[in-house]
Protein chains: 2
Amino acid sequence: MGIVRKTASVKFVLSIFEEREKAVSVVALVKLLKEKMNKTTVYRILDRLEQDGIIHSFLGKDGLRWYAKCQGCSADHHLDVHPHFQCKDCGDVECLPVDVLIPSVENRQVDSAEIMLVGKCGNCL
Amino acid sequence: MGIVRKTASVKFVLSIFEEREKAVSVVALVKLLKEKMNKTTVYRILDRLEQDGIIHSFLGKDGLRWYAKCQGCSADHHLDVHPHFQCKDCGDVECLPVDVLIPSVENRQVDSAEIMLVGKCGNCL
DNA sequence: ACGTTAATGCAACTAAGTTGTAAAATTAAA
DNA sequence: TTTAATTTTACAACTTAGTTGCATTAACGT
Ligand SMILES: [Mn+2]
Ligand SMILES: [Mn+2]
Ligand SMILES: [Zn+2]
Ligand SMILES: [Zn+2]
């Protein structure tokens, strides 16, 4: 079970993801919301929104956690099996709307794949 | 410039990678070497061995750094563009000796790709 | 309006990784 | 073999992301 009560904090975090296309790191969110809410609250709201299939998360190239809007996921099924791209100059992260086939590996059961592409974005080229 | 002097600590870390097939996390190494050397030393030796193309590193599913032997890399060129597999039951991590084609993305320059497959290993199935 | 209980704030904590520096170890030269 | 230059190490202190416990606050069904 994720979000049960639509508090002011929850609404505010949701509005950030509604307005934004690109992914955002938890670190940036905590900084951005410093005046509005406690960092523990940010972490917990993100947890709940992810459980509900409203946002999804992944690790950037430095091991920090990033979040982005989901496209048609639900509490039961996260379908966000797309790769992500991080610019090594500006640090921006984007979801790549590309279907990726999870490679199979002999003698192992592969359940998910995290694919992180690193390079330079259009702005930084 | 990586390793310049073959100290006892360097030799010991090297011997671990010579004996071992699978990847090993820094956390595990620090624990393993607790009696032999300081954790700062572990981190710095790993840095230097990676610079020299003797080992390569990547992030596991929890954002921890893992290291594994290189196969024919040099100080100039790291060729380890293979995917990695982590078992979600036992946590073991392996290099997958599979060539992977780095997908190109419109309007962006992709320099490297980290592909992390997560599932169950042969032992845990 | 009230009562239940989810959500929040706060402080303290954990754990990975980094940094500065004095002491120790390696290596090459004398 | 001794010396001296320089790398490497230990240690302690620090930084930062993320977590936990608990008392207080706020949402919402009745
Ligand atoms: Mn995404
Ligand atoms: Mn590898
Ligand atoms: Zn950029
Ligand atoms: Zn396993």
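The sequence lines fix the lettering, A, B, ..., with proteins before strands; numbering per chain opens at 1.
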Under a 4.0 Å heavy-atom criterion, DNA chain C is touched by chain A from C/dT5 to C/dA11

So A/Lys11, base contact, sugar-phosphate only, or nothing? Heavy-atom distance under 4.0 Å. nothing

What pairs with A/Arg108 under salt bridge (charged side-chain N to carboxylate O under 4.0 Å, His left out), at least two apart in sequence or on another chain? B/Glu94

Go through the structure and list residues passing side-chain contact (heavy atoms from CB on, under 4.5 Å) with B/Val24, not counting sequence neighbours. B/Phe17, B/Arg20, B/Ala28, B/Leu29

Looking at B/Arg5, I'd like to know whether one of its side-chain N or O atoms comes within less than 4.0 Å of OP1 or OP2 on D/dT9. no

Taking the six-membered ring for Trp, are A/His84 and A/Phe58 parallel (under 30°), tilted (30 to 60°) or perpendicular (over 60°)? parallel

Nearest-Å distance, CD1 (B/Ile3) to P (D/dT7)? 13 Å

Can you name the closest pair of heavy atoms from A/Leu59 and B/Lys61 and give their distance? CD1-O, 3.5 Å

Nucleotide nearest B/Met37 when distance is taken to its side chain, options D/dC28, D/dA10, D/dT8: D/dA10

Give the B/S/- string for nucleotides 13-24 of chain D, one per nucleotide from 5' to 3', where a protein heavy atom under 4.0 Å of the base yields B, of only the sugar-phosphate yields S, and otherwise -. ----SBBBB---

B/Val98 and B/His82: CA distance, side-chain angles, deciding distance, side chain to side chain contact (heavy atoms under 4.5 Å, CB included) verdict: CA-CA 6 Å; B/Val98 174; B/His82 51 259; 5.8 Å; no

With sequence neighbours left out, which residue pairs that include part of residues 110-121 of chain A fulfil the side-chain hydrogen bond (donor to acceptor under 3.5 Å, both in side chains) condition? A/Gln109-A/Asp111, A/Asp111-B/Lys88

Between D/dA27 atom P and A/Ile45 atom CD1, what is the distance in whole Å? 12 Å

Between B/Lys69 and B/Glu18, does any NZ, NE, NH1 or NH2 come within less than 4.0 Å of an OD or OE carboxylate oxygen? no

Applying side-chain contact (heavy atoms from CB on, under 4.5 Å), can you list everything that pairs with B/Ile54, at least two apart in sequence or on another chain? B/Leu14, B/Leu49, B/Asp52

